[in-house]
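Atom set for the values below is all heavy atoms of this structure, side chains included, hydrogens, waters and symmetry mates excluded. Position 1 is the first residue of the sequence, and the numbers go up from there.
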Amino acid sequence: MRILIVFIRIRNIMIHSVKDSSLAIASPVRAPQAADWALSHGLSSLTTQEAAELLGTTANQVPQRLATARKRGEWMTPARGLWVPVPPEYRMWGGSPALEFIDAMLAHLKTEYYLGWLSAAAVHGAAHHAPQVTQVAVSRMIRSRVIGRVRLEFFVRRNLSLLPYKLQTVRSGNVRVSTIEVTALDLCSDIATCGGMDNVATVIASLAEACKLSVQTIVKIGEFYSPAAVRRLGWLLENYANLPDLCTLQAYAHGCSKAASVLDPLNKPGGTLDKKWMVRINSKVEVED
């Protein structure tokens, strides 16, 4: 047991020293072995300067030194100045799954974030179909990009720092994922982003079935969303999730705005008014089984 504790301490010291740009290695690592070396030492990402120290070269020589290894899929660069070693099983893909590098990427870009919308619903076990795009809420404008098979889309979310998230454990560490209540409100806010009203209704129903939604939490964070988003969510929960005790949410839906909201913002306005939720039913909603 003592030997194991000493080994773990030595390993942690080595990892800490690497991230502090002071690589604890006896000699430089050759470029063809660099990715495997980094992975075996628990390093999920390196800055260009850290990669230079690993290779025993200067920062401006790193792209040239790792060019061949990058073509072989051993390294990916999701942001300028950030090098991510790719595990062997993902090298034919051209890069790791988004959950394995998104936290390191946005920390490198000094941007607050959370995985949201359909991507968060998938993590919560509620996506009806596998999302084709990884959707991420960010605190400032970030350019969307394609890395290997991963397509990343970033959306600036106001009040992002005030919205709760959970930490999802992945092999490379943790990734921030919107809570089920934030996910549900995001879905109802951005119908077009999430594949239309029918898809949103299907995912909301699945989300309510897979997870325990807190009505009190929805009301608490409702101030950060439009009245229409809160009302759509309440209407969907009542009609497709059979969620009990919606009285508090109904009261909030009535008081957040005097004007009625439309159920489907992608359809023509009009329709009958559901007075309980102050929502005009301007389209027929179909939920997939």
Handout entry: More than 12 heavy atoms of other groups within 6.0 Å of Asp245 CG
Key =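 Open: at most 12 neighbouring heavy atoms sit under 6.0 Å from CG of Asp245.
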Practice task
Give a yes or no on whether Arg72 atom CZ has more than 12 heavy-atom contacts from other residues, nucleotides or ligands under 6.0 Å away.
Solution key: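 Yes.
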Just how far is it from atom [atom1] of [X] to atom [atom2] of [Y], taken to the nearest 0.5 Å?
X: Asp198; Y: Ser283; atom1: CG; atom2: OG; answer: 7.0 Å
X: Gln132; Y: Ser119; atom1: CD; atom2: OG; answer: 10.5 Å
X: Leu237; Y: Trp277; atom1: CG; atom2: CH2; answer: 7.0 Å
X: Thr77; Y: Arg70; atom1: OG1; atom2: CZ; answer: 3.0 Å
X: Leu243; Y: Lys212; atom1: CG; atom2: NZ; answer: 10.0 Å
X: Leu55; Y: Gln33; atom1: CG; atom2: CD; answer: 10.5 Å

Least distance between heavy atoms, [X] atom then [Y] atom:
X: Ser178; Y: Ala120; result: OG-CB, 3.2 Å
X: Ala31; Y: Leu66; result: CB-CD2, 4.1 Å
X: Ser189; Y: Ala229; result: OG-CB, 3.3 Å
X: Arg140; Y: Lys110; result: NE-O, 4.3 Å
X: Gly73; Y: Val86; result: O-CB, 3.3 Å
X: Ala201; Y: Val285; result: CB-CG1, 3.5 Å

Is it possible for you to say whether [X] and [Y] belong to one hydrophobic cluster, with membership spreading through side-chain heavy-atom contacts below 4.5 Å?
X: Leu160; Y: Ile142; result: no
X: Leu266; Y: Leu187; result: yes
X: Leu233; Y: Leu118; result: yes
X: Ile218; Y: Met278; result: no
X: Val138; Y: Leu109; result: yes

Counting C-beta onward and ignoring hydrogens, is there a side-chain heavy-atom pair between [X] and [Y] closer than 4.5 Å?
X: Phe101; Y: Leu82; answer: no
X: Val182; Y: Thr179; answer: yes
X: Asn174; Y: Asp103; answer: no
X: Met105; Y: Leu152; answer: yes
X: Thr202; Y: Val200; answer: no
X: Val262; Y: Asn267; answer: no
X: Val123; Y: Thr183; answer: no
X: Arg280; Y: Thr272; answer: no

Taking salt bridge (Lys or Arg N to Asp or Glu O under 4.0 Å) as the definition, give me every residue that meets it alongside [X], ordered by chain and number, with sequence neighbours left out.
X: Arg176; answer: Glu112
X: Arg171; answer: Glu89
X: Glu100; answer: none

Practice task
Please test Ile204 against Cys188 for side-chain contact (heavy atoms from CB on, under 4.5 Å), starting from the C-alpha separation and ending with a verdict.
Solution key: CA-CA 9 Å; Ile204 291 293; Cys188 291; 4.3 Å; yes
Practice task
Could you note down all residue pairs passing ring-ring contact (aromatic ring centres under 6.0 Å, His included) where residues 67-94 supplies at least one of them, sequence neighbours left out?
Solution key: Tyr90-Trp93
Practice task
Please list all pairs passing the ring-ring contact (aromatic ring centres under 6.0 Å, His included) test where one or both residues lie in residues 138-195, with sequence neighbours left out.
Solution key: Trp117-Phe155
In a check of side chain to side chain contact (heavy atoms under 4.5 Å, CB included) between [X] and each of [options], which one passes?
X: Leu263; options: Asn282, Ile191, Asp274; answer: Asn282
X: Tyr114; options: Ile102, Val177, Leu163; answer: Leu163
X: Leu185; options: Ile180, Thr217, Ile221; answer: Ile221

For the pair [X] (side chain) and [Y] (backbone), establish whether a donor and an acceptor sit closer than 3.5 Å, ignoring hydrogens and angles.
X: Asp264; Y: Met197; value: no
X: Glu50; Y: Thr47; value: yes
X: Glu181; Y: Ser214; value: yes
X: Ser45; Y: Val84; value: no
X: His108; Y: Ala104; value: no

Practice task
Write out all pairs satisfying side-chain hydrogen bond (donor to acceptor under 3.5 Å, both in side chains) with one or both partners inside residues 222-233, taking only residues at least two apart or from two chains.
Solution key: Asp186-Tyr225, Arg231-Ser261
Problem - Salt bridge flag under 4.0 Å for residues Arg157 and Asp190 - result: yes
Exercise for the section: Give a yes or no on whether a salt bridge exists between Glu153 and Arg145, defined as a side-chain N under 4.0 angstrom from a carboxylate O. Expected result: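 Salt bridge: no.
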Practice task
Dump the intermediate steps for side chain to side chain donor-acceptor pair (under 3.5 Å) on Arg151 and Thr134, then the final yes or no.
Solution key: CA-CA 6 Å; Arg151 180 181 169 193; Thr134 300; over 6 Å; no
Practice task
Evaluate salt bridge (charged side-chain N to carboxylate O under 4.0 Å, His left out) for Asp36 paired with Arg30, printing each intermediate quantity in order.
Solution key: CA-CA 11 Å; Asp36 290 334; Arg30 295 180 66 247; over 6 Å; no
Problem - Pair Ser139-Thr111, side-chain donor/acceptor within less than 3.5 Å - result: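 No donor-acceptor contact under 3.5 Å links the two side chains.
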